Amino acid sequence: MGTPAFACPSLEVLLAGPDQVVAVVCQPDRPRGRGLAVVPPETKRLAERHGIHVLQPERVRDAAFHDALRALQPDLGVVVAYGRILPRVVLDLPVHGCINVHASLLPRHRGAAPVQWAIAAGDRETGVTIMRMSEEMDAGDILLQRTLPIRPDHTGGTLAAELAELGAAALREAIDALKAGRLEPRPQPAAGVTFAPRIERGHGRLDWTRPAAELERLVRALAPAPSAFTTVHGKVLKVHRAEVQPGPPGPPPGTVVSAAADGLVVQTGEGRLRLLEVQLEGRRSLPVTAFLTGYPVPAGTCLGR
RNA sequence: CGCGGGGUGGAGCAGUCAGGCAGCUCGCGAGGCUCAUAACCUCGAGGUCGGUGGUUCAAAUCCACCCCCCGCAA
């Protein structure tokens with residue numbers, strides 16, 4: 001059971017393995033993107049290429065869905081970024097229950113967006129957790145964990161891709177170990193629980209009173225999508241890449257200190273942030289030099305309002 | 001039919017409303033200035049104005065259709 005691209009490496013591992021994949025469960029095709037075209041989830045596309053049966057229940061509490069699932073007589077449920085809280089009746093339906101691939105070192109970053117929040121929080125390392133699923137979100141017993149250092153150049157996009165692969169490998173390992181009976185589930189520590197809520201638009205707004213280092217992490221966490229942003233002259237300006245620049249306290253946070261070939265330097269609550277790649281609404285993403293060529297932003301301009 | 005912005009020398013943009021010599025900043029090339037430089041000055045090359053059709057004496061500009069890029073919303 002999984003929906004977006006993050007789940008695909010895990011599905012591929014299962015398809016390549018010795019066990020039969022009786023079905024793929026994902027969220028329904030939904031109108032997405034410009035023009036609201038109805039687009040099938042990534043896992044569905046992958047499943048169909050392999051001729052795997054696909055289930056797309058509107059409601060996970062629907063009895064008809066439960067019947068369909070039961071008819072498949074699954075031995076094990078594998079859930080990767082499905083995007084819905086599953087009721088107990090579904091969790092208990094497979095003979096050996098359900099396991100989950102989660103992109104963090106639980107109990108840290110329970111929730112929908114663990115990868116982004118790990119970067120934004122400044123974590124030095126993150127990883128994946130394979131766990132037995134319980135009704136409480138991401139609170140199940142840990143079966144196996146694998147860690148991955150977070151590099152200073154990791155973005156939400158690149159880190160998620162690496163964790164998807166790491167998660168798939170860990171999943172393979174965990175299933176093999178489970179079948180061999182040499183995997184001992186252990187409860188998550190009571191201490192260290194944090195939550196990583198779904199990323200919403202507002203999370204990307206750069207609050208210039210915050211330290212530059214924190215803003216840089218937010219920019220990376222939300223790249224390439226949905227992106228951190230500020231505003232210039234009332235227009236949305238996405239910031240795709242930026243770097244911290246030490247600097248003396250200066251003008252009010254949000255003030256453009258300088259705008260030249262080497263970047264657009266903005267005063268923050270602590271230090272300065274040099275914007276390197278930006279995108280004005282309706283325009284494509286540009287290196288800051290090209291952006292400034294056609295859209296001059298004089299020093300002294302106040303961003304964010 | 002979800003709302004909206006855009007496509008103009010290599011890059012980014014103005015010009016379109018009100019049709020009339022293809023413009024700006026940057027880059028590139030040559031020359032000059034300078035102890036020197038990504039600085040400064042002079043000169044220069046480079047464009048089927050996204051495509052097709054239409055209107056017109058005349059279309060980047062007006063009309064119709066099509067292709068492509070992007071922001072919002074979901």
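Please read these numbers as outputs of a predicted model, since none were measured by experiment. Residue numbers begin at 1 in each chain, while the letters A, B, ... track the order of the sequences. What's counted below: heavy atoms across the whole structure, side chains too, no hydrogens, waters or symmetry copies.
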message: Suppose we define a pair by two distances each less than 3.5 Å, Watson-Crick or G-U wobble; what does B/rC72 pair with here?
response: B/rG2

- request: Could you state the atom-to-atom distance from CZ of A/Phe291 to P of B/rU25 in whole Å?
  value: 19 Å

Atom pairs, N/O to N/O, protein against nucleotides 65-69 of chain B, distance under 3.5 Å?
| residue | atom | partner | partner atom | Å |
| --- | --- | --- | --- | --- |
| B/rC69 | O2' | A/Arg284 | NH2 | 2.9 |

task: Under a 3.5 Å limit for both distances, which nucleotide forms a Watson-Crick or G-U wobble pair with B/rU25, could you say?
output: B/rA11

query: Are any side-chain N or O atoms of A/Thr268 and backbone N or O atoms of A/Gly271, one a donor and one an acceptor, separated by less than 3.5 Å?
result: yes

Rounded interatomic separation in angstrom, taking CZ from A/Arg30 and C1' from B/rA73: 16 Å

message: Once you measure the plane-to-plane angle for A/Tyr295 and A/His233, does it fall in the parallel (<30°), tilted (30-60°) or perpendicular (>60°) bin?
response: tilted

- request: Grab the CG-C1' distance between A/Leu237 and B/rC72 for me, whole Å please.
  value: 15 Å

message: Using the side-chain heavy atoms of A/Glu281, tell me which of these nucleotides is nearest: B/rC13, B/rG71, B/rA73.
response: B/rG71

message: Using a heavy-atom cut-off of 4.0 Å across all strands, would you classify A/Leu36 as base, sugar-phosphate, or nothing?
response: base

A/Arg283 side-chain proximity, nearest of B/rA14, B/rU25, B/rA73: B/rA14

- prompt: To the side chain of A/Gln279, which of B/rC70, B/rC13, B/rA74 is closest?
  reply: B/rC70

- prompt: From the list B/rC13, B/rC26, B/rC72, which nucleotide is the closest neighbour of the side chain of A/Thr293?
  reply: B/rC26

message: Taking the side chain as everything from C-beta on, heavy atoms only, tell me whether A/Trp208 gets closer than 4.5 Å to A/Pro252.
response: no

statement: Heavy-atom nearest pair, A/Pro4 first then A/Ala81, reads CD-O, 2.9 Å

task: Provide the Watson-Crick or G-U wobble partner of B/rU61, both distances under 3.5 Å; none if there is no partner.
output: none

Sub-3.5 Å pairs of nitrogen or oxygen atoms, protein against nucleotides 15-17 of chain B:
none

message: Just to verify, which of A/Val256, A/Leu264, A/Val266, A/Thr255 counts as forming a side-chain contact (heavy atoms from CB on, under 4.5 Å) with A/Thr301?
response: A/Val256

task: Tell me what A/Lys238 touches on the nucleic acid: a base, only sugar-phosphate, or nothing, going by heavy atoms under 4.0 Å.
output: sugar-phosphate

query: Could you state the NZ-C1' distance from A/Lys235 to B/rG5, rounded to the nearest angstrom?
result: 9 Å

statement: Between CG of A/Leu292 and P of B/rC24 the distance, given in whole Å, is 20 Å

query: Would A/Arg201 count as a cation-pi partner of A/Phe229, with NZ or CZ less than 6.0 Å from the six-membered ring centre and within 45° of the ring normal?
result: yes

- prompt: For the atom pair CZ (A/Arg88) and CG (A/Leu93), what is the distance rounded to the nearest 0.5 Å?
  reply: 12.0 Å

- request: Quick one: label A/Arg32 by what it contacts on the DNA or RNA (base, sugar-phosphate, nothing), any heavy atom closer than 4.0 Å.
  value: base

message: Counting neighbours of CZ on A/Arg151 that are heavy atoms of other residues, nucleotides or ligands and sit closer than 6.0 Å, is the number greater than 12?
response: yes

query: When you look at CD of A/Glu48, are more than 12 heavy atoms from neighbouring residues, nucleotides or ligands closer to it than 6.0 Å?
result: yes

